[in-house]
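By convention in this document, chain letters (A, B, ...) are assigned in the order of the sequence lines, proteins followed by strands, and residues within each chain are numbered from 1.
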Number of protein chains: 2
Amino acid sequence: MKERKKITLYEIAQLAGTSKSTVSRVLMNQAGVSPETRRKIEQIMRESGYHPNQMARGLAGGRTGMIAVVTPGIFSGYYAEILKGVDVVASQHDVHVISSFARGEDDYPDMIDRFSQPGQVDGMILVAPRMKVFKQRAPRTIVPIVLVGSYAPDNGWDRMDRVVLNNAGAMNELLDHVRQQGCRRLLHLTGLANVYDFAERRRAFEEYLLLHPTLQGTVLSGGETRAQAREALDRHLDEQPESFDAVIACNDDMAMGALQALRGRGIQTPEDVVVTGCDDEPAAEILGLTTLHMPMVELGEEATRLLFERRAQKQISPVARQSIVQMALVVRSTSMRKPAVPV
Amino acid sequence: MKERKKITLYEIAQLAGTSKSTVSRVLMNQAGVSPETRRKIEQIMRESGYHPNQMARGLAGGRTGMIAVVTPGIFSGYYAEILKGVDVVASQHDVHVISSFARGEDDYPDMIDRFSQPGQVDGMILVAPRMKVFKQRAPRTIVPIVLVGSYAPDNGWDRMDRVVLNNAGAMNELLDHVRQQGCRRLLHLTGLANVYDFAERRRAFEEYLLLHPTLQGTVLSGGETRAQAREALDRHLDEQPESFDAVIACNDDMAMGALQALRGRGIQTPEDVVVTGCDDEPAAEILGLTTLHMPMVELGEEATRLLFERRAQKQISPVARQSIVQMALVVRSTSMRKPAVPV
DNA sequence: CTGAAAGCGCTTACAG
DNA sequence: CTGAAAGCGCTTACAG
């Protein structure tokens, strides 16, 4: 039944015995079309399997029907879940999602530049951009931008909507728990310094130590990948064995590297050393890793909601919105010293 | 230095003291422009921060500069890696990647239909489409399609390029290894029957049994998710305890579910039961899960290469290409009975 | 409620 | 090697 020839809005108008204008109105869901005409046009569109040419719509109407999600090149598996959340909301608006991986941190500004030009996308979501991006003034673009898990300095970036995590609060809760497990010498395994969330978590860790003088704390830089985290901890164990009784990693991936390092030396978890992560990646559950749960799909959805709200505004608003997504402590076996719960 | 007013090809032509045609030629990388003129235009484009309007290019030239990747709604984390591979190759061609998650298997045909209309994308990659998609004849579309990890029945789908895995060969290697570990009663934990790769692996499992009469084999359906796999194995253990000494799961996720079920009953791995997966997801390494390694980024890259080769062809070619990606056995602790190797 | 016309910013023959 | 003109398929005032 479906036409194979490419069919245009003009053809639909012909078949309906009306004009392009009217067909366009029903396509745009605009008022001012008689119910009867509308019904007829809708039926013809359906029967003919008509899909409007996106490129033409974009050019004529100034709306591309696309948004871009830019993620760092190196990623934890959870970026896929954020992407899925974005897709859920975007598809409700009949908008496609362009996914781009930044190649190095220098690539970020270029991508922003490119996407903020007219005729590219209707908006962009920047996931965990590296701090370096913010060295330059924020582009004064008509294309709305939403930041996810990100810094927002006052050289213009603070005008943008953003979705952030309650890093400090969640970290506090986590450290309270670790302390209750009897740990006193805490090692914070941090990641790249230019990742905003990592910096926040580190700061929360250090502030917690100030408030709890009975605790001893160290910060160890674990590099970028799981393997690097493992190596870093290995070296640390060579130099200062038994110097800590808890590893607080800045994310699950690094926590897993830590687990490997400990296991390799026969150090028991959680008996000798408690280990915690952050993110609650799929693998965390399996490993019994205590972590902070981040609702990743939600994160993507919320960012996209902000984007569409912004897009819907007629004029530029002076209000920047910020959504704070709560992470929740998930206690599992890597930190559970007291009662042995069956898995 | 950067212009904020939107700048068009026409402006570039003005600045260069030439015509739109000539500017378009350098944009399209076409021959027939004096080196001097080309250099000048390129410089002006760079200085003005010009990016051509994609919508206009798409409408005028018939090339959208986008390709779509459609993935199933429920996904293992590894789809993100495929997406990354796609992005790597696509960006070399200055093409953007639209990522779409199919909402249920009925959504697949609709998406294919929509994307294959003109003015949408220049090509599409279908990742692990459910078998149901192939019930209907393949669309006779000008938009090239590449199938990844997929069936290709002869009702038109066999005209398409595809990237597949050496499921049977790899499964054989895996089963040889399991047999060498002393296992004789094998339980195959399979996933949704409508996933091509799962069906292939199951077939390979059954054929292996036919060739090795000393082995005993069972196939257990593990549902769709890790949790379901765990439950399925739990029920099986209730009904027929100690009926197997190896679990051969159709992917890592289900293998992890199996590990949970076994652990919950105090059954030792690999001493009592050997467990294997497939895919080599990030979590597999941590868990010490024996699996078949799938080079996921490569898979995405190869699919995209096929797509661009097809796009470059002037006329429709009668040749359908098939790339077979080799999976390799990765032996880890869940199947290593003989020598205890240090992790 | 409806239609004719202009125009979005490019590419692509075509003519020179 | 270069330019003028047509046209891609829509949306958007504008006029009725």
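Rounded to an integer number of Å, the gap from NZ of B:Lys40 to C1' of D:dC1 is 16 Å. Rounding to whole angstrom units, CG of residue A:Asn53 and C1' of C:dC8 are separated by 13 Å. Here D:dC10 presents its P atom at 14 Å from CE of B:Met55, a figure rounded to the nearest Å. Regarding A:Asn29, its CG atom lies at a distance of 15 Å from the C1' atom of D:dT11, rounded to whole Å. Here D:dA6 presents its C1' atom at 10 Å from NZ of B:Lys20, a figure rounded to the nearest Å. The interatomic distance linking B:Met28 (CE) with C:dT12 (C1') rounds to 9 Å, in whole Å. Residue A:Leu59 contributes atom CG, which lies 4 Å from atom C1' of C:dC8 at whole-angstrom precision. Following rounding to the nearest Å, A:Gln54 (CD) and D:dC8 (P) show an atom-to-atom distance of 19 Å.
Comparing B:Gly17 and B:Ala60 by the nucleotide of DNA chain D whose heavy atom lies nearest to each, the residue mapping closer to the 5' end is B:Gly17.
Checked for salt-bridge contact, A:Asp161 and A:Arg305 miss the test: no charged N lies under 4.0 Å from a carboxylate O. By the 4.0 Å N-to-carboxylate-O rule, A:Asp94 lies close enough to B:Arg114 to be salt-bridged with it. Salt bridge absent: B:Glu36 and B:Arg39 never bring a charged side-chain N and a carboxylate O closer than 4.0 Å.
Screening A:Arg57, A:Arg310, A:Arg311 for a salt bridge (Lys or Arg N to Asp or Glu O under 4.0 Å) with A:Asp122, the sole residue that qualifies is A:Arg311.
Taking CG of B:Asn194 as the reference point, atom OH of B:Tyr151 lies at 12.5 Å (rounded to 0.5 Å). From B:Met66, atom CE reaches atom NE2 of B:His96 across 6.5 Å, with rounding to the nearest 0.5 Å.
With D:dT11, D:dA4, D:dC1 as the choices, the nucleotide that has an atom nearest any side-chain atom of B:Ser21 turns out to be D:dA4. Nearest nucleotide to the side chain of B:Ala56, out of D:dC1, C:dC10, C:dT12: C:dC10. Proximity note for B:Thr8 (side chain, C-beta onward) versus C:dT2, C:dC10, D:dT2: the nearest is C:dC10. With C:dC14, D:dC1, D:dC8 as the choices, the nucleotide that has an atom nearest any side-chain atom of B:Arg25 turns out to be C:dC14.
Aromatic ring orientation, B:Phe134 versus B:Trp157: perpendicular (interplanar angle above 60°, classes split at 30° and 60°).
Counting any heavy atom pair closer than 4.0 Å across all strands shown, B:Gly32 reaches a base atom. Within the 4.0 angstrom heavy-atom criterion, only backbone atoms of the sugar-phosphate kind lie near B:Ser34; the bases stay farther away.
Residue B:Thr22 has a polar side-chain atom (N or O) positioned under 4.0 Å from OP1 or OP2 of D:dG3. A sub-4.0 Å separation between OP1 or OP2 of C:dC10 and a side-chain N or O of B:Tyr50 is present. Contact annotation: B:Thr37 does not reach the phosphate of D:dC1 (side-chain N/O to OP1 or OP2, under 4.0 Å). Note on B:Gln30: a side-chain N or O is less than 4.0 Å away from OP1 or OP2 of C:dT12. Between A:Thr18 and C:dT2 there is no side-chain N or O to OP1 or OP2 distance below 4.0 Å.
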**Report entry** Full working for side chain to side chain contact (heavy atoms under 4.5 Å, CB included) between B:Val164 and B:Val325
**Finding:** CA-CA 6 Å; B:Val164 296; B:Val325 173; over 6 Å; no
Report task. Return one dot-bracket line describing DNA chain D 5' to 3' (Watson-Crick or G-U wobble pairs, both distances under 3.5 Å; ( ) same strand, [ ] crossing, | another strand, . none). Result -> |||.||||||||.|||
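Taking only distance into account, the side chain of A:Ser19 never meets the base of C:dA4 through a donor-acceptor pair shorter than 3.5 Å.
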